[in-house]
Amino acid sequence: DTGVSQDPRHKITKRGQNVTFRCDPISEHNRLYWYRQTLGQGPEFLTYFQNEAQLEKSRLLSDRFSAERPKGSFSTLEIQRTEQGDSAMYLCASSLGTYSYEQYFGPGTRLTVT
Amino acid sequence: DQQVKQNSPSLSVQEGRISILNCDYTNSMFDYFLWYKKYPAEGPTFLISISSIKDKNEDGRFTVFLNKSAKHLSLHIVPSQPGDSAVYFCAASARSDTNAGKSTFGDGTTLTVKP
């Protein structure tokens with residue numbers, strides 16, 4: 001299967017701990033996006049990469065959040081000093097080209113902060 | 001301020017009938033609109049899209065209509081099938097170098113198609 005994959009699918013952590021999520025996009029896609037989704041809401045944009053360059057970050061992305069895409073392939077999203085308000089589904093998507101609006105989403109990582 | 005709104009959280013229709021899902025937007029810079037379908041435990045899947053230069057796009061049972069003056073779009077599913085039961089998200093993008101395909105999503109409408 002050559003779709004977008006995310007790991008882990010579920011993560012339970014205690015408040016104050018750090019967590020890291022991984023996303024593997026479709027191999028030929030040069031753009032990679034991170035979204036956050038909470039219950040009853042649509043995905044909210046967090047950040048995106050074109051190849052290895054992080055080109056935009058939402059104001060939702062506090063300084064506790066950092067994302068990388070070191071070789072323009074997979075990406076990681078790290079949350080430091082997690083808070084209960086960070087509990088959400090974290091979705092990764094990828095797309096091809098500069099003006100490709102269709103995004104291909106992974107299954108998401110569900111984070112629960114206790 | 002929510003720039004993309006789906007005012008109906010849920011919709012229930014009978015199998016074989018038409019399903020109409022609605023979406024409103026406020027940002028005049030949006031020029032490309034998409035609908036995604038989401039099943040439980042899966043990420044959203046692209047369904048159909050429309051550019052602002054068109055007012056209708058059709059793909060099989062799915063048709064999207066765009067009314068730019070009203071800043072309104074709708075998704076029609078005819079005939080509806082039980083397998084169409086899912087959450088449908090409306091999304092909008094603005095064509096600009098800095099935007100780069102970033103989409104703004106509505107909160108979704110849960111469609112239930114009853115056999």
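Numbered from 1 within each chain, the chains take letters A, B, ... in sequence-line order.
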Working to the nearest 0.5 angstrom, can you tell me the gap between A:Phe105 CZ and B:Tyr36 OH?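 Going from the CZ atom of A:Phe105 to the OH atom of B:Tyr36 covers 5.5 Å.
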How many angstroms lie between atom OG1 of B:Thr45 and atom CD of A:Glu102, to the nearest 0.5 angstrom?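 With rounding to 0.5 Å, OG1 (B:Thr45) is 12.0 Å from CD (A:Glu102).
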Above 12 or not: heavy atoms from other molecules or residues under 6.0 Å from [atom1] of [X]?
| X | atom1 | answer |
| --- | --- | --- |
| A:Arg64 | CZ | yes |
| A:Ile12 | CD1 | no |
| A:Glu68 | CD | no |
| A:Arg15 | CZ | no |
| B:Lys68 | NZ | yes |

Below 4.5 Å, heavy-atom pairs only: which of B:Gly43, B:Pro9, B:Ala41, B:Gly106 has the largest tally toward chain A?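 Top option by heavy-atom pairs under 4.5 Å: B:Gly43.
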What option among A:Pro43, A:Gly108, A:Gly106, A:Pro107 has the most heavy-atom pairs under 4.5 Å with chain B?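 Max contact count across the listed options: A:Pro43.
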Ring geometry between A:Tyr101 and B:Tyr32 (parallel below 30°, tilted from 30 to 60°, perpendicular above 60°):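 The rings of B:Tyr32 and A:Tyr101 lie parallel, inter-plane angle below 30°.
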Would a single hydrophobic cluster contain both B:Val13 and B:Leu21, if residues Ile, Leu, Val, Met, Phe, Trp and Tyr are joined by side-chain heavy-atom contacts under 4.5 Å?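 B:Leu21 clusters together with B:Val13.
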Is it possible for you to say whether B:Phe105 and B:Tyr88 belong to one hydrophobic cluster, with membership spreading through side-chain heavy-atom contacts below 4.5 Å?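 B:Phe105 and B:Tyr88: separate clusters.
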Heavy-atom proximity to chain B below 4.5 Å, by part of A:Arg9: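 Looking at A:Arg9, just its side chain touches chain B.
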Given a strict heavy-atom distance threshold of 4.5 Å, which part of A:Gln6 is in contact with chain B: side chain, backbone, both, or neither?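 Neither part.
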For residues B:Phe89 and A:Gln37, report the shortest heavy-atom separation together with the two atoms involved.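 Heavy atoms of B:Phe89 and A:Gln37 come nearest at CZ-NE2, 3.2 Å.
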Contact summary for A:Gln103 and B:Lys102, nearest pair of heavy atoms: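 What the structure gives for the nearest pair is NE2-CA, 4.2 Å.
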